[in-house]
Number of protein chains: 2
Amino acid sequence: MTSTPLTRSEAKSQTRRKLIRAALAILDAEGEAGLTTVKVAKAAGIAQSSFYVHFKDRQELLRVLAEEGGARLRTAMREARRQAREHPDDLERHRETFRIPLEAICRHPELLRIQLRARHDPSSSLQEFAAERAAAYREHHAADLAALGYTADDERDRRRLEMIADGINAATNALAIGHVEGRYPDLDECADILVALSRGALRLLRATSTRSEEGDPH
Amino acid sequence: MTSTPLTRSEAKSQTRRKLIRAALAILDAEGEAGLTTVKVAKAAGIAQSSFYVHFKDRQELLRVLAEEGGARLRTAMREARRQAREHPDDLERHRETFRIPLEAICRHPELLRIQLRARHDPSSSLQEFAAERAAAYREHHAADLAALGYTADDERDRRRLEMIADGINAATNALAIGHVEGRYPDLDECADILVALSRGALRLLRATSTRSEEGDPH
DNA sequence: AATTTCACCGATAGTACTATCGGTGAAAAA
DNA sequence: TTTTTCACCGATAGTACTATCGGTGAAATT
């Protein structure tokens with residue numbers, strides 16, 4: 001049907017894309033242990049040995065996949081923060097703060113699954129990717145708390161913000177996975193829960209900052 | 001020094017224990033992919049082939065490890081609930097509700113790490129173990145919410161309780177891991193955060209149950 | 001004391017994967 | 001047109017692991 005008048009480099013990068021797409025699918029479906037050059041090459045429709053035309057070794061494929069995931073993550077997060085800024089209304093904005101990461105996760109749930117696996121797997125080559133994702137979310141959430149007026153001055157406060165971001169992040173991931181797995185059909189319900197959890201944390205921050213500053217001007 | 005007048009079966013079960021201990025350590029340190037009969041046998045000080053005197057195959061070892069982990073988990077959880085009942089004071093009790101699972105996790109962090117990995121790894125043989133642990137915590141927390149007077153009547157409410165339990169559970173795991181990794185030195189601080197998050201969720205439940213009763217035009 | 005049992009051993013067949021090598025034909029360059 | 005390049009191929013060496021087998025000696029049984 002479609003004629004394919006491709007230049008050599010076009011054909012090559014097309015094959016490379018095929019390999020990467022196949023690898024991501026296999027990584028998601030079978031885990032890092034199931035990601036073999038045999039399977040990836042077969043799924044991409046080339047000979048196993050041709051895998052090495054595109055990647056120096058299996059390790060390099062993993063590295064590239066991590067970069068790929070990192071790039072998608074950064075893009076999604078940037079977009080999320082951009083959209084969030086467009087909702088000046090405080091309540092609605094707070095909700096968007098959670099709906100947007102949830103949606104970002106649900107767009108590529110395999111990236112989260114891969115990351116969650118890698119994070120606690122000492123044999124994984126994707127630890128860096130996992131760390132990057134965690135840091136990105138922590139930033140996202142920290143910036144959000146800062147926008148609400150909560151800044152961390154001393155060591156203890158900073159640790160507390162980090163713990164809150166960590167906890168909310170973990171909850172966000174859990175609910176997003178639950179949504180993807182079909183247990184929580186409505187993303188808005190997920191966002192509501194996260195808003196509620198988050199409000200509890202805010203109340204804690206408010207309570208103790210008031211207590212420590214005694215005469216809080218409000 | 002110590003004489004070893006062991007019967008044959010004593011010696012055998014001792015070797016078996018050595019294998020299981022070695023396997024748990026390797027599983028924690030290198031992940032499921034790194035758990036080979038070669039390494040386990042070597043770490044336990046026996047020949048690789050002797051591994052098969054104790055286990056039918058590699059799969060059976062995994063199964064036994066999961067049972068082992070499940071048993072430890074159940075014991076820890078039972079103990080936790082027993083202790084929690086001893087604190088009638090409401091505020092302190094609420095805090096204990098979180099400190100106790102946190103401590104249970106920190107006593108055997110490798111079990112949590114193994115579980116978190118297995119949970120999202122399709123190639124893992126420990127999915128059942130992971131599911132059991134998740135269900136156990138959900139029960140723990142659901143019973144706790146029920147004790148506070150929150151019962152789920154309709155589908156939506158039940159789902160909400162499940163989401164809350166899921167979210168709090170994820171946050172608990174995240175903070176416990178953070179403690180084990182040295183980022184959050186004080187477990188009480190972790191418990192405080194969890195109490196705060198949990199209070200936010202409780203407020204949501206209170207708010208909407210009131211609202212739905214008010215607006216219910218029966 | 002004679003016999004049986006069995007936990008453990010070394011050797012090895014079988015399996016799955018990684019990575020390399022020389023060959024091929026079509027695209028690209030000369 | 002002639003030559004060079006190179007993406008892809010099949011074959012295969014090398015590696016790591018699983019699981020089985022027959023042999024051994026000391027414990028257990030008779």
Side-chain angles (χ1 to χ4, degrees), chain A residues 2-27 29-66 121-126, chain B residues 2-27 29-66 121-126:
Chain A
T2 54
S3 63
T4 47
L6 297 173
T7 72
R8 208 135 56 151
S9 70
E10 279 171 343
K12 181 173 182 181
S13 72
Q14 189 173 301
T15 302
R16 187 187 158 95
R17 291 307 310 170
K18 271 191 208 165
L19 283 168
I20 290 175
R21 291 183 70 84
L24 267 177
I26 292 170
L27 192 54
E30 304 182 37
E32 204 166 323
L35 191 76
T36 69
T37 59
V38 176
K39 283 182 194 162
V40 174
K42 188 167 188 175
I46 63 171
Q48 183 266 340
S49 60
S50 300
F51 172 90
Y52 293 90
V53 172
H54 302 273
F55 302 98
K56 182 183 158 293
D57 54 20
R58 187 179 171 282
Q59 205 59 210
E60 187 177 290
L61 170 64
L62 268 304
R63 222 200 58 225
V64 169
L65 289 181
D121 190 346
S123 72
S124 169
S125 322
L126 299 172
Chain B
T2 56
S3 62
T4 47
L6 297 174
T7 72
R8 209 134 57 147
S9 68
E10 279 172 342
K12 182 175 183 180
S13 71
Q14 189 173 301
T15 303
R16 187 187 157 95
R17 293 306 311 169
K18 270 191 210 164
L19 283 168
I20 290 175
R21 290 183 71 84
L24 268 177
I26 292 171
L27 193 52
E30 305 182 37
E32 207 167 322
L35 191 75
T36 68
T37 58
V38 176
K39 283 181 195 163
V40 174
K42 188 166 188 177
I46 63 171
Q48 182 265 338
S49 61
S50 299
F51 172 90
Y52 293 90
V53 171
H54 301 274
F55 303 98
K56 182 185 158 290
D57 53 19
R58 188 180 171 280
Q59 205 59 211
E60 187 175 291
L61 171 64
L62 267 304
R63 220 200 58 226
V64 169
L65 290 181
D121 190 345
S123 72
S124 170
S125 321
L126 299 172

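Reckoned from all heavy atoms, side chains included, excluding hydrogens, waters and symmetry mates. So you know, we letter chains A, B, ... as the sequences are listed, proteins then strands, and number each from 1.
Residues B/V38 and B/S9 each lie close to DNA chain D; by heavy-atom proximity, the contact nearer the 5' end of the strand is made by B/V38.
Within residues 45-61 of chain B, the residues having any heavy atom closer than 4.0 Å to DNA chain C are, in order of number, B/I46, B/A47, B/S49, B/S50, B/V53, B/H54.
In the set D/dC17, C/dA26, C/dT18, C/dT18 carries the atom at the smallest distance from any side-chain atom of A/T37.
Shown here for B/H54 and B/E60, the closest heavy-atom pair between the two residues is O-OE2, 4.0 Å. A/L35 and A/V40 get closest at one heavy-atom pair: CD1-CG2, 3.8 Å.
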### Message
Is there a side-chain contact (heavy atoms from CB on, under 4.5 Å) between B/T15 and B/V53? Walk through the geometry before answering.
### Response
CA-CA 10 Å; B/T15 303; B/V53 171; over 6 Å; no
### Task
Check the pair B/L62 / B/F55 against side-chain contact (heavy atoms from CB on, under 4.5 Å), numbers first and verdict last.
CA-CA 10 Å; B/L62 267 304; B/F55 303 98; over 6 Å; no
### Task
Give the C-alpha distance, both sets of side-chain angles, the deciding distance and a yes or no for side-chain contact (heavy atoms from CB on, under 4.5 Å) between B/D121 and B/L126.
CA-CA 9 Å; B/D121 190 345; B/L126 299 172; over 6 Å; no
### Task
Begin with the C-alpha distance, continue with both residues' side-chain angles, and end with the deciding distance and a verdict on side chain to side chain donor-acceptor pair (under 3.5 Å) for B/T37 and B/Q48.
CA-CA 6 Å; B/T37 58; B/Q48 182 265 338; 3.1 Å; yes
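C/dT5: Watson-Crick or G-U partner is D/dA26, with both key distances under 3.5 Å. Across every strand in view, D/dG14 sits in a pair with C/dC17 that passes the Watson-Crick or G-U test at under 3.5 angstrom.
The distance between atom CZ of B/R8 and atom C1' of D/dA27, rounded to the nearest whole Å, is 4 Å. Rounded to a whole Å, the CD1 atom of B/I26 is 11 Å from the P atom of D/dC17. If you measure from atom CD of B/E30 to atom P of D/dA16, you get 14 Å, rounded to the nearest angstrom. With rounding to whole Å, A/R16 atom CZ is found 16 Å from D/dC8 atom C1'. D/dG10 atom P lies 12 Å from atom NZ of A/K42, rounded to whole Å. Counting to the nearest Å, the P atom of C/dC6 and the NZ atom of B/K12 are 9 Å from each other.
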